[in-house]
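Following: one structure in C-alpha cells, then a few remarks.
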Number of protein chains: 2
Amino acid sequence: MESMINHELYKVFYLAAKTGSLTQAAKALYITQPSVSHAIKQLEDSFGITLFYRNSKGVALTQEGAILYSYIEQSNILISLAEKKMAELKNLEAGELKIGGSDSLFKHYLLPYLEKYHKQYPFIGLSLIHGTTPEVITYLKEGRIDLGVVRLPIVDPQLEVKEGIELQDCFVAGAHFAELKGKVLTLEQLMEYPIILFSRNSRARMAITELFHDYGYDIKPEIEVGSVDLLIEFAKKGLGISYVTREFLSKELDEGTLFEIQLDVHLPPSRVGVMTMRNVPLSSAAKTFVEYIR
Amino acid sequence: MESMINHELYKVFYLAAKTGSLTQAAKALYITQPSVSHAIKQLEDSFGITLFYRNSKGVALTQEGAILYSYIEQSNILISLAEKKMAELKNLEAGELKIGGSDSLFKHYLLPYLEKYHKQYPFIGLSLIHGTTPEVITYLKEGRIDLGVVRLPIVDPQLEVKEGIELQDCFVAGAHFAELKGKVLTLEQLMEYPIILFSRNSRARMAITELFHDYGYDIKPEIEVGSVDLLIEFAKKGLGISYVTREFLSKELDEGTLFEIQLDVHLPPSRVGVMTMRNVPLSSAAKTFVEYIR
DNA sequence: GGGGAGATATAGATGGAGTCTATGATAAAC
DNA sequence: GTTTATCATAGACTCCATCTATATCTCCCC
C-alpha cells in the first residue's frame, strides 16, 4: 500500500491510449503535452513496465499497456456511468422517495401533492409505507423512509417537523340519526348514542379519550374499526356516530349522506406534519417533495 | 468535460465508504482526517449531492452515496486487478512470449533456452511462430512476434540484431558413400555425387548456390527437401550428400551414422542472431528471454 | 540532402491544489 | 462532569502537477 498509485494518472493513460497521442490526450484534458508525457512516465516508472511505444506519429500500447488498458477502460466507463447517474439524481431524473404515514393521510392529504410530483418527476420511484405514528418514527430512524406524514404534535429531539394543514375531528352521523341534525349536544347526551371510534392504538383515539376524561367522562365505543373508510361506511349505514376527521368527509358532507353533530364543547383541532430526521441530509427527491407540501 | 472530476477523490470516497469512517480512511491513505473531509466535500460539492450522513460514530452513505459507491467499488476493484496484473507481468508471473524463426533453429538452437526459461517462468505463455527470414521480419514489424531468431547477416535499420553462436554448414554423407571418408574433395568432384539441398527459398540454399557460383560452378541438387530433418534422414539412407548445418547433426556425427565430407575450399560459417525492433520496447518476458541467449 | 512539420522527451521555474497543524463543535461513553 | 471519540473549519505551508521553452527524433516533401 506504500506505492498506491494516483488514480488521476489512469485518467491520463486512458485518454492517451484512446487517442493514440499524448498531444491529443493533453487537449482533451486541458493540460499541456509535457504534463501528459510526465504522467505516463510516472505510471511506467511505478509499474517498472513500458506502456507505450513512442514514434513520430504518436503512441501505441505495448502488450502490457494493452492489458492495463483493458482494465482501465472498464473502470473509467463505470466512473462515467456513475457521474451520469449522479447528474440524474441531482436533476431528479432518477431516484426514489419513500414516505411513511397512515393510509388516510396518504389518501386525503398527500394524494394531490404526490400526483403533481409524480407528473413533474416521473422517473422518481414512489414508496408509500403504511404504519402508525410510532412505527413511522421507527422507520425514519432506521432510514427505511425519507420522511413521515403524521398528526402533530411530535416531540422528539431527533426529528425535524414541518407543520402542514390543520384538521378538525368531529362526530358525524347518517340519516338514521336525522333527529340530531341542527341540535347542539352535550358530551353526556352524545354518549347515549352508539359511538364508533378508530382502534385503540391510534393517536386520534387517544386524543378523544383524553378530552372526555378531562370533562370527567369515560368514553366507550360501541364499535371499533381499523380504517377511516370503515368509520365513514358504518356511520352511513346508521350503525352509530363516528368520530372522524372532517376534511376526510367533504364528499359525504356535501352529498348530505352524513352530517356533523354540533357539540357544546370545542374539539381541539389537530395539525398534520411532515417529519424528517434532524441532522440527516435529505435526498434530492425528498428535499424537493417537502417543498411541495404547504 | 469542463467539470471533469479528479479521480483521486473517488479513491478517498471509496475508502471512506468502505471503512465507514473518515478517520480510518485517512489512516489507510496515509493522510490526515481533514484532508479526507476536504476531499469528500469536494466530491459532494461537484455533484451537488450529499454522499454521507455524518454522526459521532463515523459516516454512513446516503441513498445517493450508496448508488455512487456501487459504481466506484466496481471501478476500484478493476484498478486493483489491473495493478495486480501489472505486478505479475513485471515479475514474469504472467505474460506471453512470441518468437519467430525456423523450426530447425527452434529445435537445435533455441530449445535449451526455452526449456530453462519455461522452467523458471512457467506462467509465461510461449508461442513459436514458424516462418522464413523475410516472413519473420514482417511478423516483427507487424508486432505479431516479440523477437525473431534467424541466420545473419540481417541488414535493416529498423531492426536491432544480437549475434548468437556461429554455425558451420557442411556436406555430410552416410555409410553408402563411405569411400569418401577421410578424402579431401574439390567442388568439382563433389558435384559428381547426388546432392541434397534445402528448398530453393531458404537463406542457406542461396548462400551455397552463390558460393559455387563464385568458383564458377552451378550447383544443381538431385533432391530438394523442406526440412533439416529430411536432409539428415535422406543422407542417412544413402540417397545423396546433404548440405546441412554441422551443429544440427552432433548426434549423427558422434554415432558415426553420418560423416562430414572434407573440401579443399572453406565454406563460410554463418551466425545465428536474435532480431528485435529497434526503438520499440520489449515486453518484460522478451527482455528477460533475450538475456538468456548467449 | 536540407528543412519543415509533426511527434515525444527533458529541464527548470512556478503556482496552486492538496495536505498539514491547530482548533472547534458535537455526541456518546464513562 | 469529564473524557474520548467523531467530523468540520481555518489558515499556513509545501510539494508536485503543470507550464514554458527547448531538445530530439522521424517522416515527408521539395
Side-chain angles (χ1 to χ4, degrees), chain A residues 2-46 50-62 65 141 156-160 277-281, chain B residues 2-46 50-62 65 141 156-160 277-281:
Chain A
E2 284 298 327
S3 64
M4 213 174 190
I5 289 173
N6 186 335
H7 283 195
E8 197 65 357
L9 297 180
Y10 291 125
K11 197 162 75 185
V12 180
F13 167 77
Y14 175 64
L15 275 158
K18 200 173 167 188
T19 60
S21 154
L22 304 196
T23 307
Q24 288 304 106
K27 277 178 190 158
L29 291 161
Y30 300 102
I31 58 178
T32 59
Q33 169 269 319
S35 301
V36 175
S37 187
H38 182 60
I40 299 298
K41 198 167 185 21
Q42 275 186 79
L43 256 195
E44 289 183 327
D45 287 350
S46 46
T50 305
L51 298 171
F52 287 104
Y53 306 128
R54 278 82 160 167
N55 60 50
S56 59
K57 306 188 99 66
V59 295
L61 288 167
T62 61
K141 292 186 179 174
D156 189 320
Q158 284 189 66
L159 301 180
E160 178 114 27
M277 290 291 287
R278 189 186 298 280
N279 298 328
V280 160
Chain B
E2 285 298 325
S3 64
M4 215 174 189
I5 289 174
N6 185 335
H7 283 196
E8 197 64 358
L9 297 181
Y10 292 124
K11 197 163 77 186
V12 179
F13 168 77
Y14 174 65
L15 275 158
K18 199 173 168 187
T19 60
S21 154
L22 304 197
T23 308
Q24 288 304 106
K27 276 179 190 156
L29 291 161
Y30 300 102
I31 58 179
T32 59
Q33 169 268 317
S35 301
V36 175
S37 187
H38 182 59
I40 299 298
K41 196 166 185 24
Q42 275 187 79
L43 256 195
E44 290 182 327
D45 287 351
S46 47
T50 306
L51 298 171
F52 288 104
Y53 307 127
R54 278 81 161 169
N55 60 50
S56 60
K57 303 189 100 67
V59 295
L61 288 166
T62 60
K141 292 185 178 175
D156 189 318
Q158 284 188 64
L159 301 181
E160 178 114 26
M277 290 292 286
R278 189 185 299 277
N279 297 330
V280 160

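So you know, we letter chains A, B, ... as the sequences are listed, proteins then strands, and number each from 1.
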Can you give me the closest heavy-atom contact between [X] and [Y], atom names plus distance?
X: A/Glu8; Y: B/Ile5; result: OE1-O, 4.4 Å
X: A/Leu15; Y: B/Met4; result: CD1-CE, 4.4 Å
X: B/Thr50; Y: A/Pro281; result: CG2-CG, 3.3 Å
X: A/Val59; Y: A/Ala16; result: CG2-O, 4.1 Å

Please report, rounded to the nearest Å, how far the [atom2] atom of [N] is from the [atom1] atom of [X].
X: B/Lys57; N: D/dT6; atom1: NZ; atom2: P; value: 10 Å
X: B/Ile40; N: D/dC7; atom1: CD1; atom2: C1'; value: 12 Å
X: A/Asp45; N: D/dA17; atom1: CG; atom2: P; value: 12 Å
X: B/Tyr30; N: D/dC15; atom1: OH; atom2: P; value: 20 Å
X: A/Leu22; N: D/dC19; atom1: CG; atom2: P; value: 14 Å
X: B/Glu8; N: D/dC16; atom1: CD; atom2: P; value: 13 Å
X: A/Leu15; N: C/dT8; atom1: CG; atom2: P; value: 14 Å
X: A/Ile31; N: D/dT20; atom1: CD1; atom2: P; value: 12 Å

Does a nitrogen or oxygen in the side chain of [X] sit under 4.0 Å from OP1 or OP2 of [N]?
X: A/Thr23; N: C/dG6; result: no
X: B/Arg54; N: D/dT6; result: no
X: B/Asn6; N: C/dG18; result: yes
X: A/Ser35; N: D/dA17; result: no
X: B/Ser56; N: C/dT26; result: no
X: B/Lys41; N: D/dC7; result: no

Please determine which of A/Leu22, A/Asn6, A/Leu43, A/Ile40 meets the side chain to side chain contact (heavy atoms under 4.5 Å, CB included) test together with A/Val12.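 Per the side chain to side chain contact (heavy atoms under 4.5 Å, CB included) rule, the option paired with A/Val12 is A/Ile40, out of A/Leu22, A/Asn6, A/Leu43, A/Ile40.
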Taking the side chain of A/Thr32 as heavy atoms from C-beta outward, which of C/dA9, C/dT19, D/dC19 is closest to it?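 Out of C/dA9, C/dT19, D/dC19, the nucleotide with an atom closest to A/Thr32's side chain is D/dC19.
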Of the candidate nucleotides C/dT19, D/dC27, D/dT18, which contains the atom at the shortest distance from the side chain of A/His38?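 Of the candidates, D/dT18 comes closest.
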Most 5' of A/Pro34 and A/Gly58 on DNA chain C, judged by nearest nucleotide: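 Going by which nucleotide is closer to the 5' end, it is A/Gly58.
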Classify [X] by what it touches in the nucleic acid, base, sugar-phosphate, or nothing, heavy-atom distance under 4.0 Å.
X: B/Val59; answer: sugar-phosphate
X: A/Gln33; answer: base
X: B/Gln24; answer: nothing

If each of A/Asn55 and B/Glu44 is mapped to the nucleotide of DNA chain D with the nearest heavy atom, which maps nearer the 5' terminus, i.e. the 5' end?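 Here B/Glu44 is the residue nearer the 5' end.
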Should B/Glu44 and B/Lys41 count as an ion pair when the cut-off is N to O under 4.0 Å?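 Looking at B/Lys41 together with B/Glu44, the answer is no, because their closest N to O distance does not fall below 4.0 Å.
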